[in-house]
Amino acid sequence: MEYIKNRFYEKASKCINEYNKLKRDHGDKVIANVTIGQVMTGMKGVPSLITDTSKLDPQEGIRFRGYSIPELREKLPRLNPEGEPLPEGLFYLLLIGEIPSQEDVMNLSKDWSTRSHVPQHVYDVIDAMPKNAKPMTQFSAAITAMATESLFQKAYRSGIGKKHYWDFIYDDVMNLIAKLPRVAAYIYRRNFHNGDHIEPNRKLDWAGNLAHMMGHDSEEVKRLLRLYMVIHSDHEGGNVSAHATHLVGSALSNPYYSFAAGMLGLAGPLHGYANQDVIHWIFDMLDELDTDNPSKEQLADYVKKTLEEGRVIPGYGHAVLRKTDPRFTAQQEFADKYIKNDKLVNIVNNLYEVVPPILGDIGKIQNPWPNVDAYSGALLYHYGIKEYTFYTVLFGVSRALGVLASLIMDRVYGLPIERPSSFELKWYIEKATGQSGSCI
Ligand code: HAX
């Protein structure tokens, strides 16, 4: 699919000129000061990354190349007027910065289909692991094992020059994205359906095929996964999975290694693991209350108890957002449209009324509102994808679209190895107070 690559490079080369001019002419310009508070709260708000694919506004939520989620649901090509946009179109937008035509999207879908073969040794690596190895352990190991396919790694060894890196990274990225649904579905069927695997249907789109290979073939599940893959794809550059992918890529590790690193970050409970934690936490609550239909008072009591135990309420809060996550709202709208009277969905909706005022009253929590992970599990569960330890893998398949599009741009710009400075605690104490600290 050379024309997509060519179209990408045609646009990207304008960016290279701007990048080089900025670096050459304005390298000394001061754009921000860093406070001790920012160092101690995970560098929040410190501009230090270049990410073109999406931008997160604390009040408004994510925009992908300038488009909000409702705009994307209207403008991106879909298979039929009733359906959800195809993730292929979103990837095209992230990469090239333009809403693609239906033909571009179908061509990209076909391109990924031709690249989707997964080598046997990757399945062998998965099969070598005990069944109780977490799905994210299997997923990240499988991605690492696929690095045998890296064209960039081979080209680098053969001595290609810097300005050609992006070309090989591009093909690695396309190949990796194309293979992910097959790998994810393999892990799913291995763990939860006795290894009864389902062959891909080459006529299906990327997300539709994932639903098919998982064994959840209804049109509604395919629609859900298309929406899911679009909204989880990207959240600017500083989140853990995006930043880890970018950081490891800055050492010129191949895209398979870089993305595997991102996935190990996504597996943390404060990040993508929250999507399984939400369901786990709700089921623990239902067990403890001995009901499948808790009242709002019971929900409130359980939320307070969780907080008293020093635990977080999964699916609530965000490092940047300061309002309800539009990704939560998009999923709620999907549920409103397709789902009537589902107990778990009702609980999630009731939690949305109950949790924010309780978190707000604590005072220290910057954002009491729900994030993307508060809703996704209830939708998947409703459609029979009940194995919630798998949910973070689905998030990971989607996240590939954003972080890997950015990885191509990183190499187009020729971004250097990333190397922020670290200092001992006493250095910061001295800076802040003029006196030396007393700790070791
Ligand atoms: N429940 C209880 N306490 C919470 C909380 C929540 N949902 N959210 C924040 N807090 C606490 C923090 O733990 C922190 O406590 P300490 O001062 O005692 O350390 C305090 O409130 C201030 O935190 P903050 O500044 O509001 O939030 P952070 O930027 O530090 O953290 C998190 C953002 C998303 C990690 C946090 O809100 C959280 O732990 N939420 C629950 C887990 C979750 O849903 N994670 C998924 C986030 C979205 C995502 O990445 N998806 O993949």
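Computed from a prediction, not measured in an experiment: that's the story for all the values here. As the structure lists them, so they are numbered: ligands from 1, and atoms in each ligand from 1.
- At a 3.5 angstrom cut-off on N or O pairs, K364 counts as close to ligand 1.
- Salt bridge absent: D373 and R327 never bring a charged side-chain N and a carboxylate O closer than 4.0 Å.
- Not a single protein heavy atom sits closer than 4.0 Å to atom 12 (C) of ligand 1.
- Here D111 pairs with R115 in a salt bridge; the nearest charged N to carboxylate O distance falls below 4.0 Å.
- Ligand 1 has F395 within reach: a non-hydrogen atom of the residue lies less than 4.0 Å from it.
- Considering only non-hydrogen atoms, atom 9 (C) of ligand 1 lies nearest to I365 out of T306, V372, I365.
- No side-chain donor-acceptor contact under 3.5 Å links D277 and Y391.
- Of all atoms in ligand 1, numbered sequentially from 1 with element shown, those under 4.0 Å from a heavy atom of G315 are 43 (C), 44 (O).
- When non-hydrogen atoms are compared, ligand 1 lies under 4.0 Å from the side chain of D373 (C-beta onward) but not from its backbone.
- For atom 23 (O) of ligand 1, the protein comes within 4.0 Å by no heavy atom at all.
- For E309 and K305, the salt-bridge test passes: some basic side-chain N is under 4.0 Å from an acidic carboxylate O.
- There is no protein heavy atom closer than 4.0 angstrom to atom 19 (O) of ligand 1.
- A salt bridge links K5 with D171: the closest approach of a Lys/Arg side-chain nitrogen to an acidic carboxylate oxygen falls below 4.0 angstrom.
- Annotation for ligand 1: atoms under 4.0 Å from non-hydrogen atoms of A274 are 43 (C), 44 (O), 45 (N), 46 (C).
- Contacts of N371 with ligand 1, taken as heavy-atom pairs under 4.0 Å, involve the side chain alone.
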Would H243 and E418 count as a side chain to side chain donor-acceptor pair (under 3.5 Å) if you check the C-alpha gap in whole Å, the side-chain angles of each, and the deciding distance to 0.1 Å? CA-CA 11 Å; H243 193 184; E418 198 167 288; 2.9 Å; yes
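- The pair R190-D127 meets the salt-bridge criterion, with a side-chain N (NZ, NE, NH1 or NH2) lying under 4.0 Å from an Asp/Glu carboxylate O.
- Between P58 and L321, the closest side-chain pair of non-hydrogen atoms is not below 4.5 Å.
- Residue-to-ligand polar distances place L270 within reach of ligand 1: an N/O pair is separated by less than 3.5 Å.
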Test salt bridge (Lys or Arg N to Asp or Glu O under 4.0 Å) on R226 and E219; report intermediate values, then the result. CA-CA 11 Å; R226 286 173 195 131; E219 190 46 40; 3.2 Å; yes
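- Between I313 and ligand 1, an N or O atom pair is found at a separation short of 3.5 Å.
- Ion pairing between a basic and an acidic side chain is recognised when a charged N comes within 4.0 Å of a carboxylate O; R65 and E98 show no such pairing.
- Annotation for ligand 1: atoms under 4.0 Å from non-hydrogen atoms of Q366 are 24 (P), 25 (O), 26 (O).
- Only the side chain of L307 comes within 4.0 Å of ligand 1, counting heavy atoms alone; its backbone N, CA, C and O stay farther away.
- For E430, the side-chain contact (heavy atoms from CB on, under 4.5 Å) partners at least two apart in sequence or on another chain are S436.
- No N or O atom of R311 sits closer than 3.5 Å to an N or O atom of ligand 1.
- Summary of contacts: the protein heavy atom closest to atom 50 (O) of ligand 1 is H271 ND1, 2.9 Å.
- Every atom of ligand 1 with a heavy atom of K44 under 4.0 Å away is listed here by number and element: 28 (P), 29 (O), 30 (O).
- If you check each of G42, G317, G265 against atom 37 (O) of ligand 1, the one with the closest non-hydrogen atom is G317.
- For atom 42 (C) of ligand 1, the closest heavy atom belonging to the protein is P269 O, 3.9 Å.
- Of the charged side-chain nitrogens involved, none lies within less than 4.0 Å of a carboxylate oxygen, so that K179 and E149 do not count as a salt-bridged pair.
- From the protein, the heavy atom lying nearest to atom 41 (C) of ligand 1 is Y316 O, 3.3 Å.
- Residues R73 and E84 are paired through a salt bridge, judged by an N-O separation under 4.0 Å between the basic side chain and the carboxylate.
- There is no protein heavy atom less than 4.0 angstrom from atom 31 (O) of ligand 1.
- Among protein heavy atoms, atom 27 (O) of ligand 1 sits closest to H318 O, 4.4 Å.
- In this model, no donor atom of one side chain and acceptor atom of the other lie less than 3.5 Å apart for S109 and D205.
- Close contacts of ligand 1 with G272, meaning ligand atoms under 4.0 Å from a residue heavy atom, involve 52 (O).
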